[in-house]
S.K.: 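My structure is below; once you've seen it, I'll send some questions.
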Amino acid sequence: MEVDRMENGEDGGTNLVDKIREIERGSPLDQLFLSQQVAVPSNNNHDQHSQDLQSLLTLINSNLADGSAKREPKSILVDTCSHLIKVIESIYEKQKQRQSEEGSIYVANPMGMDALQRALSVRISALPKERSHDIDGCTSIINPPDEFDQMTPSKMVKEVKDHIQLVKKVGRIFKDYGAKLSVDQIQEKGPKGALLAMFDQYSAEDCLKAFCSLEEGYDDDQWIKDYATSIDAADSLVGSFNTDTENKTSNATEVCTFAGIFRALKDHQSEGKTWGKDYFRQGGWDYEDLFYGVKLGAILEHAKEQADKMLMEPPSGTQYSAPFAKFHCDVSEESVHPKRQRVSGVSATPKDIRICRAQHCHIKDRAFGGSRNQWSYDGTIGFSHIGSGYRGTDFHGRLYSFDRRGEKTKERGFVSTDLYDEFWGTPNGWMISDSTTNTVWINADQRIKGFSINQDTGNAYTSYIFNVVKTPKQNPSKREKVGNKGLCPGDVNLMLLGSNRIGYLNNYVLQEWSLNEANSHDGTSRMYTYDDDDHSRWPEEDILDLSDMDDSICGETESTRGAKPNSVRSLDVVVPSSIGYLADNQLAFSHEGSSQIPIYDNELREVSRLVGFGGDEVEIVQRPTFERAGDKNTFVASDSSCVKIFDLRSNKAVMTIKQQCVYSMPMYLSDAKFVCNKLRSGEGAMIWDLRSQKPLYSLPISSDIDVDWVPALEEDPSKPPILLTSTGKAYKYGLY
C-alpha cells in the first residue's frame, strides 16, 4: 500500500507535512476522520479508510516519539503548522456541513483528531514569533494605528528612564565578563559603545571625552543629528518616521537618551551643573544617582528638552469626546449633531460609541476596588470580594446589580449590598456572575452558593447552597496529553452547564447540581458560633463545621451544609484557565500553555475546536460572542500577539487584529459590533469597529484594571450602555 511504502521511507517526502499531503491525494482526510454515530455496514471501502487512518495515526505518533518535530527547519515548521490548522478546520467544517445537510450525527474520530492536535501543539511553541499571528492563513489582518504621534514628552521621559535601566543591566553583564576598558578603547567603539560601557565607574570628564570627541566649533545639535542618523532615525527629529510605531518609539528613546547624557555632560563641563529640576525627583528613582558621571535628574531634564523638539501634541478628539479619549483615525468627516443639553432618556446609537460621545463618571461604591479586589462580572450583575478580619482572611464581599425596577437614574438603578460571614474562608478560584439568571456563584470552603438581588427591594438573598463532596483523583487517559508537557490545569473549576445545571470540575471529576426547586435553599440562615459549645439548635447533618481549621477564628459563620451533587462522573477534561459561554449551551475553554480552544456541549463532550492561534497564551472573556445582539456565530479571543475574530460556522478566523492584549471584549449596540482591546503595554484600552475594521480611540484604562460591558436596556431608553471598570470609573454612552 502507498502509505506503507511512505512509512518505510521508500517513497514520498521526508517531512510529516509531505507525508500527510501524500495520504490526502488518495483519501481526503474528512472521509477518514468522519463517521456517522450510528453503525455503518462493513465494506471494502470502509475497511480501506480504517487502514489508512491507522497508518496516519502510526505516522504521527512515530513522528512525535522520535522528536522529529523539534528538528524541523523553520520553513518546514511553518508549513506544517499552517497545513495542520487547515486540515483540522476543514474536518470540523465538513462535520457541521454534513450534520446540517443529512441530519445525521457525524463524529470526528477522537484518536485521529487527538493525533493531529498533538502534532500541531508540539510545534506551536517553536513557531517563529513573527508568524504567530498569521499562521492560520487569515487574509484580513488589521494593524494597530501609528501611535507615535500620541507620544508626549513626559511619557518619553519614562521611556528614557526605562532605557537607562536596561542599559545598566546589559552593561553590568559586559562588565562581569570582561576587564574595564580604557577611555581610548571606548572611543574607538563610538557613542553607542560608550552608552553600554560607561554607565558607572567613569568620571564625567572621561565620559565627555568618549561621548563628545568633537572638533573645535562642531555644533552640538549637529552631533545629536549625526547620532540619530547612525541608528537610522534621522527622520525622528522632525517627527516623520517611516518604520512601525515600535521602532519609532525605540529609536526616538535612544536619541533622547543620548541627547540627555550628552547635554548633561556639556553642562558639567561648562557650569558644573549636575542636578535636575524638582519635577524629576518624583517617582521610584533616586535622581541623585550618578550615571555617566552626572546625576540622573540632569540627564532626564535634557532628554525632555529633546523630546519637546521631536514630538507633536496628540490630538484631543472632538467636543463630544470622553475625557482623555485619544483618537487614532480621522473622525472629522463624521456627521455630528450640534451639541445639545444632556437629557435623560436620549437613546444611545452606534455612533455614540464610534465617536465616543460618552460621559466619564465614577460609580463610587465599595464593590469597585480595582486590582485589590476579586471581581466577578457579567453586564448588569457582579460581585467583588473585599475581605475582612485578620489579613483579609474572612469572607466579605459586595454584591451589586443594575436596573433595579422602578428607578430611572443615570446610574441605571445601581444597587449594592454587603455579604458577610457566608463562608469559613475566602473564595476558591473563579467566581461566576450570570446576568441571565441574576445570580452570582461563589465557591469557598466546601460549598458553592448562589446569591441574587431582589430587583424590587434591592436586598440580597441566597438562592442555592451546594455541598462539594470529596472525590478521589482520577487517572486521565492519554487524551489530555496535548503538547510537550500536557495541559496545565487552571483555576476555573466552577461552570454553568446550560440554564438549569451548574458543575464543579476538579481532578477529572465533574460534580453537577440541578437548578430546580428541589435544590433551592430553604431561606434559613444557620449561623454557627465558633466559641459556643452548644450547637444543638442545628442538626449535625445540616451544618458544615470547619471551626477547628484555624485557632484564630472567632465570631460566627453561615454553615448550611447544602445539597449534595445530583451526579458525579469522571471525564477526560482538564480544568480551564478561562471559559467563554456560547449560544446553544456550549462552552469554549482556554488552557495555559495551549494555542487551541476546544468547544464543548453542556455535557462537556467536545464538539469543535478553534486552532487558528500561533501563541500559547489564549484568553477568552465570559461572553465572547455577540449572542445578545443577535449574532451567535462571531467569536472573539486573543493571545499574546493578536486578537482573532472567528466565524463559528467554519471555525476559521475572518479577521486578525495584530495587537497585544490582556484580553479582547465584545461591545455592541443594536447591530453595530465593536471590541475593546485591553492592551498589555498598559497604554489603555483601544476600541475597534468590526464593520469598518478600524480603530476608533483608546481610553486611559491600565492593564491591571478589568472592564465589563453593561449593555443597553432596550425597553428603557433612559438606560444606555456603560463601559464599566473594576475601579468604578465608567463611560456612559448616549448621555451627552
Side-chain angles (χ1 to χ4, degrees), residues 144-170 191-192 194-196 199 211 220-221 223-267 275-287 289 291-292 294-317 324-328 660 679-684 686 697-700 702-703:
D146 185 346
E147 299 175 65
F148 185 73
D149 61 357
Q150 302 288 326
M151 180 70 72
T152 61
S154 59
K155 184 176 176 181
M156 178 55 71
V157 170
K158 181 181 182 302
E159 296 286 339
V160 170
K161 286 190 291 184
D162 293 342
H163 186 64
I164 291 176
Q165 181 75 341
L166 177 62
V167 167
K168 182 178 179 180
K169 291 179 180 179
V170 175
K192 293 197 73 171
L195 197 67
L196 281 175
F199 67 92
F211 273 91
D220 290 351
D221 288 337
W223 181 236
I224 295 174
K225 289 182 181 180
D226 288 348
Y227 180 80
T229 303
S230 72
I231 61 169
D232 195 28
D235 288 344
S236 67
L237 299 177
V238 292
S240 58
F241 283 91
N242 294 316
T243 54
D244 59 47
T245 301
E246 185 176 348
N247 287 341
K248 293 178 186 180
T249 303
S250 176
N251 289 345
T253 301
E254 192 167 342
V255 172
C256 288
T257 303
F258 174 77
I261 296 169
F262 171 63
R263 293 193 184 279
L265 290 170
K266 294 287 286 188
D267 281 351
W275 66 92
K277 296 178 181 178
D278 290 340
Y279 172 79
F280 294 114
R281 296 178 184 274
Q282 306 300 317
W285 281 69
D286 185 353
Y287 295 100
D289 283 352
F291 289 89
Y292 308 98
V294 292
K295 291 182 179 179
L296 176 62
I299 295 174
L300 296 180
E301 179 182 341
H302 287 293
K304 184 177 184 298
E305 292 173 357
Q306 183 66 28
D308 286 334
K309 299 176 183 179
M310 295 166 53
L311 303 175
M312 300 180 295
E313 285 297 317
S316 58
F324 314 115
K326 297 182 294 184
F327 287 82
H328 298 294
Q660 296 182 344
L679 306 184
R680 285 179 177 267
S681 58
E683 299 303 329
M686 187 175 292
Y697 50 85
S698 63
L699 298 170
S702 63
S703 58

S.K.: Starting at CD1 of I164, measure out to NZ of K161 and round the result to the nearest 0.5 Å.
M.R.: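 Separation between the atoms: 10.0 Å.
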S.K.: Quick one: do D221 and K309 satisfy side-chain contact (heavy atoms from CB on, under 4.5 Å)? Show the steps, please.
M.R.: CA-CA 11 Å; D221 288 337; K309 299 176 183 179; 3.9 Å; yes
S.K.: Look up atom CE in M310 and atom CE in M156, then write down how far apart they are to the nearest 0.5 Å.
M.R.: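 M310 atom CE to M156 atom CE measures 5.5 Å (nearest 0.5 Å).
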S.K.: Let me confirm one number: the OG1-OH distance from T257 to Y227, rounded to the nearest 0.5 Å.
M.R.: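 Interatomic distance, T257 OG1 to Y227 OH, rounded to 0.5 Å: 8.0 Å.
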S.K.: Would you call I299 and V294 a side-chain contact if the rule is heavy atoms closer than 4.5 Å?
M.R.: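 Side chain of I299 against side chain of V294, heavy atoms only: contact under 4.5 Å found.
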S.K.: State, to 0.1 Å, how close R263 and D220 come at their nearest heavy-atom pair, and which atoms those are.
M.R.: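 It is NH1-CB, 4.1 Å.
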S.K.: Any idea which heavy atoms bring C256 and A303 closest together, and the distance?
M.R.: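 Heavy atoms only, the tightest pair is O-CB, 3.6 Å.
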S.K.: Would you name the heavy atoms of L265 and Y292 that are closest together and state the gap between them?
M.R.: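 That would be CD2-O, 3.3 Å.
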S.K.: Provide the full list of salt bridge (charged side-chain N to carboxylate O under 4.0 Å, His left out) pairs with a residue in residues 250-260, sequence neighbours left out, each pair given once.
M.R.: K192-E254
S.K.: With a 4.0 Å cut-off, would you call D308 and K304 a salt bridge?
M.R.: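 Answer for the salt bridge query: yes.
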S.K.: If you measure from NE2 on H163 to CZ on F258, what distance do you get to the nearest 0.5 Å?
M.R.: 11.5 Å
S.K.: Show the numbers, then the answer: is there a salt bridge (Lys or Arg N to Asp or Glu O under 4.0 Å) between D162 and K158?
M.R.: CA-CA 6 Å; D162 293 342; K158 181 181 182 302; 3.2 Å; yes
S.K.: If you compare all heavy atoms of S703 against all heavy atoms of L679, which two are closest, and at what distance to 0.1 Å?
M.R.: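 For S703 and L679, the tightest heavy-atom pair comes out as CB-O, 3.5 Å.
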S.K.: Of the non-hydrogen atoms in P153 and A307, which two are nearest, and what is the gap between them?
M.R.: CA-CB, 4.0 Å
S.K.: I need the L300 CG to H302 NE2 distance, nearest 0.5 Å.
M.R.: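 Answer for the CG-NE2 pair, L300 versus H302, is 10.5 Å.
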S.K.: Roughly how far, to the nearest 0.5 Å, is CZ of F262 from CD of Q306?
M.R.: 11.0 Å
